[in-house]
Peer 1: 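Structure below; questions to follow.
Since we're looking at a predicted model, the values are computed, not measured.
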Amino acid sequence: MAEAATGFLEQLKSCIVWSWTYLWTVWFFIVLFLVYILRVPLKINDNLSTVSMFLNTLTPKFYVALTGTSSLISGLILIFEWWYFRKYGTSFIEQVSVSHLRPLLGGVDNNSSNNSNSSNGDSDSNRQSVSECKVWRNPLNLFRGAEYNRYTWVTGREPLTYYDMNLSAQDHQTFFTCDSDHLRPADAIMQKAWRERNPQARISAAHEALEINEIRSRVEVPLIASSTIWEIKLLPKCATAYILLAEEEATTIAEAEKLFKQALKAGDGCYRRSQQLQHHGSQYEAQHRRDTNVLVYIKRRLAMCARRLGRTREAVKMMRDISLPKSATICYTAALLKARAVSDKFSPEAASRRGLSTAEMNAVEAIHRAVEFNPHVPKYLLEMKSLILPPEHILKRGDSEAIAYAFFHLAHWKRVEGALNLLHCTWEGTFRMIPYPLEKGHLFYPYPICTETADRELLPSFHEVSVYPKKELPFFILFTAGLCSFTAMLALLTHQFPELMGVFAKAMIDIFCSAELRDWNCKSIFMRVEDELEIPPAPQSQHFPN
C-alpha cells in the first residue's frame, strides 16, 4: 500500500514537473485568467488604489534612501560574486541554483544506476583534470650555468621564478638523496647541498664532496688476516656532485657534457653495486632506487647535451630508452609528420574549390587534435608571440608547455615547406568544434581552468601569459553589475533632482500599479510635474479680430 502511494506521488510530481517544463505558458495564462475572474471578490482594484495612495504620499527622501540602499546591497553582492568567481571559477548564485533548484525542477535523473554511473564519470573527469593540473618536470629544461645564467648576464632578467627553482630543489632532494646518505660522507654533504638556496654554497659543497671522496679513494683491505699482502681498492666518486657542477657551474654545454660523462662513470658503478644488495633490506632498496634515478637523470642530460651540440641522432638514440607521458610534443610532432606529406602543395583556395583530399584531411585532423590538447602552441610557431627560455617545470596543456615545445621545434616546422602555412589556415577551426571547452571537449577531456594560475607562477613576470579559453563572466555577475550601475545612477539622479525623480517615480508606479488610472495620458503626467515644481503655465496666445 505504501509503495503504491509512493509511486502515485512520484507520478504526480513528474506530471507537475513536466507541466512546468513544457506548459509554463499555459499555466501563466490560466493564472492571469483566474486573477481577472476573481478581481471583484479579492478586491484587487481597491487594494491597488490603496497602494497607489500610499505611494503618492511618499516624499523624495524615501526614494533617495531606497535607491541608495539598493545600490549598496547590489554593490556588495557584486563584490562577493567577483571574489568567488576569481577564487573558484564559477558564480556562487549560479552554483547554488544548479545544486539546489535543479533537483526540485526535475534536473536530476531518478534512476540510481544512472546517477552512480554519472557520478563515477564526473569523479574520473575530475581526477583527470587534477592530474593534468599537476606541474611536471620539463624533460628538455636548459642548463642553469651554461644557458639560464648567461641570459641573466646579458639581459639582466631572471628567466626562472622562485617557485620554479623551489620545485627543482624538491625534485633534487627526492631523486638524489636517501636515508642511507649518512653512511657515505660525500653523499651526506650533497644531501645538505641540495637543500641550500645559495648557488655558490651548493657549488662549494659539491667541490668539498669530491675532495673528500678523493682523499678516501684508496682504502687498504687485507686479503688474509695473518698475511702482510694488501689490496688497494678504489671507491667510486660522488655522481651527484658532478651533476650539480654540470648543471650550475659549467658555463658551456661542452663543459657540462664532460662533467656528466664523469658522473655517468661514477653513477654506473654505484648502480651496479647497489643492484647486488637491493634485496638485503629496505635501506638497500632505497639506495638502489636513488642510484637508479641518478643514472636515468645523467643519461637524459647527456642526451640533452648532444642535442644542444647538434648531435641529434645520438640524442634520439639516448632518448629512446626513456619513456615520456602524453604531451604537446607528441601531438604536434604527429601533426608535423602528417602535414609534411601535403604541406608543400597545399593551397587554401584550391582546397576550398575541390575539397580536401584524404591525406590533407588526416593532416588537418592531426592539427586539430594537437591544438585541442594545447591551444597556446600555434601563436609561438607562427611567431605571433615572442618566445622566452622554457622553465624547468611545465604544466600540461598550459602556456609553459607551449613555450617548451616551440623553443625546440620551431626550427623543424620552418624546415618543412608549407607546414606553417597549413597550420595558419587550419588551427583556428579547432575552436568551432569545442565552443565550450571548459565544459566539454571533442577529442580530450574539458580544458582545465587552473592553468592560468600555475603558469603565472612558473613563468617570469616580464612574459605575458597566454590564457585559453577566456573565462566568460557568469550571467549573475553581469546582471549584478548592471543592477548596481543602474541603482547607483538612480541614487545620483534622485539626490540631485529629488522632486523631479519623486514625481517621475509616482507617475511610473501609477501607470503600472493602478488599474483605475490606465487611461491617463502624457498630458496629465506633465500637468502633475508642473504642479509639483510650481512651473508657471505657458502664456496663452491672444486672438485679435480681423
Side-chain angles (χ1 to χ4, degrees), residues 128-152 157-177 193-197 199 202 240 243-244 246-248 256 260 293-294 296-301 303-305 307-308 319 322-332 373-377 380 385-410 447-468:
Q128 288 176 344
S129 179
V130 171
S131 64
E132 289 303 318
C133 285
K134 177 184 176 182
V135 176
W136 298 78
R137 179 80 179 182
N138 184 8
L140 300 178
N141 64 303
L142 305 180
F143 299 91
R144 287 191 184 181
E147 293 174 303
Y148 289 120
N149 289 345
R150 280 179 171 271
Y151 180 84
T152 304
R157 295 177 173 179
E158 292 290 342
L160 298 177
T161 61
Y162 176 78
Y163 175 72
D164 192 12
M165 292 188 290
N166 187 40
L167 290 177
S168 298
Q170 296 177 11
D171 294 339
H172 295 156
Q173 295 176 36
T174 303
F175 298 145
F176 301 154
T177 62
W194 294 121
R195 298 174 181 174
E196 184 64 48
R197 293 185 178 181
R202 290 196 298 269
T240 55
I243 291 176
L244 192 148
E247 290 285 354
E248 302 191 17
F260 273 120
N293 293 333
V294 170
V296 171
Y297 183 86
I298 294 172
K299 291 182 178 180
R300 183 169 64 83
R301 298 307 278 169
M304 187 66 184
C305 290
R307 179 172 185 172
R308 299 298 287 162
M319 283 293 184
I322 303 171
S323 60
L324 297 176
K326 180 178 59 179
S327 61
T329 302
I330 297 176
C331 295
Y332 278 91
F373 183 82
N374 193 316
H376 310 283
V377 176
Y380 293 106
K385 196 173 181 182
S386 59
L387 270 174
I388 61 172
L389 296 183
E392 292 184 341
H393 288 80
I394 59 174
L395 185 70
K396 288 185 178 181
R397 308 186 74 180
D399 192 24
S400 54
E401 185 192 32
I403 293 173
Y405 172 80
F407 184 85
F408 291 102
H409 297 83
L410 176 59
Y447 197 81
I449 61 176
C450 61
T451 55
E452 180 182 0
T453 303
D455 280 333
R456 291 190 185 279
E457 294 180 345
L458 289 174
L459 299 175
S461 58
F462 58 83
H463 174 72
E464 183 182 356
V465 177
S466 176
V467 179
Y468 176 83

Peer 1: Looking only at heavy atoms, what is the nearest atom pair of A246 and F143, with distance?
Peer 2: O-CD2, 4.4 Å

Peer 1: If I compare all heavy atoms of F373 with all of A328, which pair ends up nearest, and what's the gap?
Peer 2: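 Heavy atoms of F373 and A328 come nearest at CE2-N, 3.3 Å.
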
Peer 1: Quick one, F462 and I388 - any side-chain contact, counting heavy atoms below 4.5 Å?
Peer 2: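 Answer yes - side chains close enough.
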
Peer 1: How about W194 and F176: do any of their side-chain heavy atoms sit closer than 4.5 Å?
Peer 2: yes

Peer 1: I'd like to know if the side chain of R456 and the backbone of V465 have a donor-acceptor N/O pair within less than 3.5 Å.
Peer 2: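 Not confirmed, R456 side chain does not pair with V465 backbone.
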
Peer 1: Quick one: do the H463 and D399 side chains pair a donor with an acceptor below 3.5 Å?
Peer 2: yes

Peer 1: Kindly determine whether L167 and L458 satisfy side-chain contact (heavy atoms from CB on, under 4.5 Å), including the steps that lead there.
Peer 2: CA-CA 10 Å; L167 290 177; L458 289 174; 4.1 Å; yes

Peer 1: Hey, are the side chains of Y297 and R137 touching, using non-hydrogen atoms and a 4.5 Å cut-off?
Peer 2: yes

Peer 1: Would a distance-only check, ignoring hydrogens and angles, find a side-chain to backbone donor-acceptor pair under 3.5 Å from K385 to E464?
Peer 2: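 A pair under 3.5 Å: yes.
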
Peer 1: Looking at E247, E196, E248, which hits salt bridge (charged side-chain N to carboxylate O under 4.0 Å, His left out) with R202?
Peer 2: E248

Peer 1: Contact between H393 and S168 at the side-chain level, heavy atoms closer than 4.5 Å - yes or no?
Peer 2: yes

Peer 1: To the closest 0.5 Å, what do you measure between CD1 (I243) and NE2 (H172)?
Peer 2: 8.5 Å

Peer 1: Are N141 and P391 close enough that some pair of their side-chain heavy atoms sits under 4.5 Å apart?
Peer 2: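 No. Closest side-chain heavy atoms not under 4.5 Å.
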
Peer 1: Report yes if some heavy atom in the side chain of I403 is under 4.5 Å from a heavy atom in the side chain of L387; otherwise report no.
Peer 2: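 In contact.
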
Peer 1: To the nearest 0.5 Å, what is the distance between CG (L389) and CG (L459)?
Peer 2: 11.5 Å

Peer 1: Please determine whether a side-chain nitrogen of the Lys or Arg among R144 and E392 lies less than 4.0 Å from a carboxylate oxygen of the Asp or Glu.
Peer 2: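 Between E392 and R144 there is a salt bridge, with a charged N closer than 4.0 Å to a carboxylate O.
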
Peer 1: Can you name the ring pair (Phe, Tyr, Trp, His ring centres under 6.0 Å) partners of Y332, sequence neighbours left out?
Peer 2: Y405

Peer 1: Applying salt bridge (Lys or Arg N to Asp or Glu O under 4.0 Å), can you list everything that pairs with R308, at least two apart in sequence or on another chain?
Peer 2: E147

Peer 1: Does some side-chain heavy atom of R307 sit less than 4.5 Å from a side-chain heavy atom of L140?
Peer 2: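 When only atoms from C-beta onward are counted, R307 and L140 do touch, with a gap below 4.5 Å.
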
Peer 1: Got a donor-acceptor contact below 3.5 angstrom from the S400 side chain to the D455 backbone?
Peer 2: no

Peer 1: Using the side-chain contact (heavy atoms from CB on, under 4.5 Å) rule, take M165 and Y148 through it: C-alpha gap first, then chi angles, then the decisive distance, then the call.
Peer 2: CA-CA 12 Å; M165 292 188 290; Y148 289 120; over 6 Å; no

Peer 1: Would W136 and L395 satisfy side-chain contact (heavy atoms from CB on, under 4.5 Å), going step by step from the backbone distance to the final call?
Peer 2: CA-CA 6 Å; W136 298 78; L395 185 70; 5.8 Å; no

Peer 1: Could you tell me whether E401 and R397 have a side-chain N and a carboxylate O separated by less than 4.0 Å?
Peer 2: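 No, no charged N to carboxylate O under 4.0 Å.
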
Peer 1: Look up atom CG in D164 and atom CD1 in I394, then write down how far apart they are to the nearest 0.5 Å.
Peer 2: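 The CG atom of D164 sits 10.5 Å away from the CD1 atom of I394.
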
Peer 1: Output all residues satisfying salt bridge (Lys or Arg N to Asp or Glu O under 4.0 Å) with R157, sequence neighbours left out; order by chain, then residue number.
Peer 2: none

Peer 1: Yes or no on side-chain contact (heavy atoms from CB on, under 4.5 Å) for L142 and F407, after CA distance, side-chain angles and deciding distance?
Peer 2: CA-CA 11 Å; L142 305 180; F407 184 85; 4.1 Å; yes

Peer 1: Identify the heavy atoms of G398 and H376 that sit nearest to each other, and give their distance.
Peer 2: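 Shortest heavy-atom separation between G398 and H376 comes out as C-CD2, 3.5 Å.
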
